[in-house]
Structures are given as structure tokens and as C-alpha cells.
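Okay, structure first, notes after.
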Number of protein chains: 2
Amino acid sequence: MRDADNDDHQPGETGGPRSRNAQATRKSILDAGIAEFCEHGLSGASTARIVERAGCNIRMLYHYFQSKELLYKAALQEVYNDLRSQEAGLNILDRPPVEAIEALTAFTYDYMAATPAFIKMVLAENLLQGEFIRAIDSIPRSSRPLIETIQTLLDRGEAAGVIQPGIDAMQLYISIVALSFIHISSRYTLSVTFGVDLSSERIVTERRQHVVDLIGTYVRPKSGHAAS
Amino acid sequence: MRDADNDDHQPGETGGPRSRNAQATRKSILDAGIAEFCEHGLSGASTARIVERAGCNIRMLYHYFQSKELLYKAALQEVYNDLRSQEAGLNILDRPPVEAIEALTAFTYDYMAATPAFIKMVLAENLLQGEFIRAIDSIPRSSRPLIETIQTLLDRGEAAGVIQPGIDAMQLYISIVALSFIHISSRYTLSVTFGVDLSSERIVTERRQHVVDLIGTYVRPKSGHAAS
DNA sequence: GAGACAATTGACAACCAAGTAAGTAATAGC
DNA sequence: GCTATTACTTACTTGGTTGTCAATTGTCTC
């Protein structure tokens, strides 16, 4: 990304960082934007605070991103790109169906636990009714390949008698996300209404087991003839 | 709170509405506030739009609620009160354990589907890190009675051999909420990434079945000796 | 070292927000 | 009827917002 790209005035490979480090400034603004949007949403975010976090002048934000909304759009794209590229490294098709689905569940759970920024950006975007995510070229239908992979696993497992017939791949994946998502996305409200700290390591670990169990139990055949 | 209910200078029951309808004005501002906070969150909400929706003057908002934040707090309390009072009418302890848990699941699913304002307020409040929900007297630990009810059902079912031993009541309830929540709370982002309209009646109905199934399968004993 | 150009900046304009002061007018009690 | 109360309103202040202009400074090429 650093040098293999689009600067039409690129004066050739010199090896050192360009002038006063434009790429680093851009990145620091993007990161600061993600943090700020996670804490305050789009309308609550302040461009002044963003550049304060980034340690640069407000003018740079407009120089690199034109407007607060375009920065938000770039931030949204960034967090989705990260998820998709991590998913791509999973290769669950190589594994036995039930094991593969449990691995996907564990991966999703761990990803959400490790990446609160993704969840917060998703919350913010849903409060905005998906106004921006629709307009990012790389995102629409980007989950389709994963759904097809899950469907393949379900078909294989069903044929082998190790998976309960009739499970819908999309509903299953939505449920995996749901179970991995809620205790982070609604951490504060749930913690208060239960009187328990859901961020505690004990609860997070217990829940991981619970979620993998729940999905594992669901996909296995009910009638106990798990042969083959 | 101090001004929440019966005015202490209530001059007796006269039958007609009080003077220039103070209660109706207050209620219309509260409702308009809920709608506005659902659409824009706390910081994105505009007091000018709220009073426009409510059909009254901006000064009335400050007269009845003192500030935008206190109106937000009142709105949050309102949506939680509604959920708790509906839950209270369920009486699931009278029913057989598995049936009771499936009924709770169906109720939760239907409530979330029918009450998007609850979900949106929860999202907004979590983006605010639960700053306000903690400060509402009636809410902290308000889910505890329900968790105890679920625990009682699980114990009974376990003793009768109709429920899988070792299930944690809180984790189970979190999962029920999760499964009922996600397709509403993340409707826009999920619809875009899947390329499917999750609000469609077909999907919503299919998902209800899926969720009840998932929970029902999980709580039943795995080893097939569902006796008694 | 000189010059050029890109990265960066301080100061500011235009705007919109929440919240307020001081008043108007409709209703209730006498 | 008249007076006191109080629901309600207009017009405004104050402060923060996004976005911009003109100028400055660092770095690279010559």
C-alpha cells in the first residue's frame, strides 16, 4: 500500500519516508476517527477532538478526507475490510462439517471480543439506518461467499448423517453473530440490569463455551444416530 | 422521580382535563423525544425537532424536563418500564419447564420485533457506555427476578429429566435476547452484507421458528432419555 | 546553498445548537 | 365579574460546530 500505488508525482523509490510523512498523518486521522465514532457516533463525533487525538491540525482532516462524513465512511470501510480479510484466512472448508462450524463460531466469538471497534461502528451505522454502508462499493453482498461456504458444510454434513437436516445457512450465521455480539454490543445495559460485570474474564470465557455448545448442539442430528 | 407522578396540588377529581392539558403536553414531548433519540441518538437529537414533532414550543421541553439529557433519561426509563411490565404478565412458572422456556423465547422474540424503539434506545445507551441507565433508580438489577425464574425452571426440568443438566440461567437468557435482537438491531448492516431484506415478513417468520428451535434443542437433554 | 513544492498550521467565517429572560394569555377560584 | 395561577410563547444569548483562506515550515532536487 505504501509505494505501489497512485501518486502520479511519485519521484521513484528513495527508500525513506516521503517528506513529512503524509501516509502516517492520514492513518492517524483515520484511527482517531474510528475511536471517536465508536465513542460518540457520527453526529456526536467532533472533528476538533479527532484531530486532537491524531495530534495534528484540523485542516489535515479536510485535506485527506474532505468532510466528517467521508471520514466516517472511510472508517466504516476500514473495520469491515479487517473482518473480511481475517475471515478469508479461516479455510473451514478443509475440515469436517461439525468441527468447521464450531471453529467458525469460536472465530467469530473471539473476533468480536477482541475488536470492539467493529461492533461499535456497526451499532452507530445501524442507528443511521445503514445510510453509509450501502454506499461503500466493497461491502454490499460481501457475506455471500461465507454463507455459501456454510451451506456447503451443511450439505456435506447432512449427506454424511452428522448434521441435522434442514438448517438454513443464513439463519445459522446470523445466530452465530448474534451470540457473539450481544454481550459486547449491549455490555453496559446488560451489566446494569443483571447486576453483573459482563466484561469480566470469567463471564467471557464461560460464554464462549456456552455459545459453541449452543451452536454445536443445534447442528448435530437430534435423533442420536450420529453415525458415519 | 420527584415530578414523575401525582401532582401534590391536585385539586381533586373534577372529571375534565386539567387546565390547558399539561399532562398531554408532557407526554407528547416524551414520545417525541423517544422517536428522536431512536433516530439520532442523544447527541444527534435536536430539541428543536423534538418540539416540532410534539407540536409545542421549545420552552415546554425545558419546563417539563429541565434539559435534553434529563429528557433522554426519562425516555430510557419509559422503554424499560414497558418491557418489565409486559414480562411481569407472562407467568411462565405455571408451565412445564421446556414449554416455559420456549414461551419466554417466543415472547422475547415477538417483543423485540414489535418494539423497535426499545432496541434503538438500548443501542444508543450502549454507545454512551451506559452512562444514564446506571442512574435510573428502577433499572439496576431489574432482570434478576427473571433470571431466578429461569433458574427455577431449569432446576425443575433437570430434576424431572427433561432438561439438560448444567445450563446457566443468565447465559441462556442472554442468548435468548441475542437471538431475538440482532436481526432488528443490525437490520441495516446485515441486510446490506447479505443482500437480503431482513425486515421481510418471510425472513422474520422463519427466524422466529429458527430461534425457538435453537433454544429448544439446547435445553432438552442430549442423550435422548427425555422421560417423565 | 537555492528554489520548489508538499505538508502543515493559525485564525476565522458562517452556522446551528442548547438553554434562558421576560413576557402573554387562558383557566381556576373568589 | 376580577385576580392569581400557570401553561405557554417570542426573541435572544452563548458556545460549539463544520469547513475555509492565506500563510508558514520542512524536505527534496538541483
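Residue numbers start from 1 in every chain, and the chains themselves are labelled A, B, ... in the order their sequence lines are given, proteins ahead of strands.
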Taken to the nearest whole Å, CE/A:Met60 to P/C:dA7 is 7 Å
To the nearest angstrom, the CZ-C1' distance between B:Phe65 and C:dA18 comes to 16 Å
Legend entry - Pair B:Tyr72 and B:Phe65, ring centroids less than 6.0 Å apart: no
A:Glu69 meets the side chain to side chain contact (heavy atoms under 4.5 Å, CB included) criterion, sequence neighbours left out, with A:Ser67, A:Phe132
Protein-nucleotides 21-23 of chain D N/O pairs closer than 3.5 Å?
{"unit_1": "D:dC21", "atom_1": "N4", "unit_2": "A:Arg59", "atom_2": "NE", "d": "3.0"}

Whole-Å distance, A:Leu61 CG to C:dT8 C1', equals 14 Å
note: B:Arg26, atom CZ; D:dT6, atom P; distance rounded to Å ~ 17 Å
Side chain to side chain donor-acceptor pair (under 3.5 Å) filter on B:Asn81, not counting sequence neighbours, yields none
Regarding B:His210 and B:Tyr109, is there a side-chain donor-to-acceptor distance under 3.5 Å anywhere? no
By side chain to side chain contact (heavy atoms under 4.5 Å, CB included), A:Gln86 pairs with (sequence neighbours left out) A:Asp82, A:Phe107, A:Tyr111
### Message
So, does B:His63 get its side chain near the phosphate of D:dA7, meaning an N or O under 4.0 Å from OP1 or OP2?
### Response
yes
In whole angstroms, the gap separating C1' of D:dG19 from OH of A:Tyr64 amounts to 18 Å
Side-chain atoms of A:Asn57 come closest, of C:dT9, D:dT9, C:dA7, to C:dT9
Salt bridge (charged side-chain N to carboxylate O under 4.0 Å, His left out) pairs touching residues 167-189 of chain A, sequence neighbours excluded, are none
In 5'-to-3' order, the base (B), backbone-only (S) or no-contact (-) status of each nucleotide in nucleotides 13-18 of chain D, using a 4.0 angstrom heavy-atom cut-off, is ----SS
Those residues at least two apart in sequence (or on a different chain) that pass side chain to side chain contact (heavy atoms under 4.5 Å, CB included) with B:Val212 are B:Glu102, B:Thr105, B:Ala106
By side chain to side chain contact (heavy atoms under 4.5 Å, CB included), B:Ala35 pairs with (sequence neighbours left out) B:Arg53
From CD of A:Glu52 across to P of C:dT9 the rounded distance in Å is 14 Å
Applied to residues 122-137 of chain A, the salt bridge (charged side-chain N to carboxylate O under 4.0 Å, His left out) test, sequence neighbours excluded, yields none
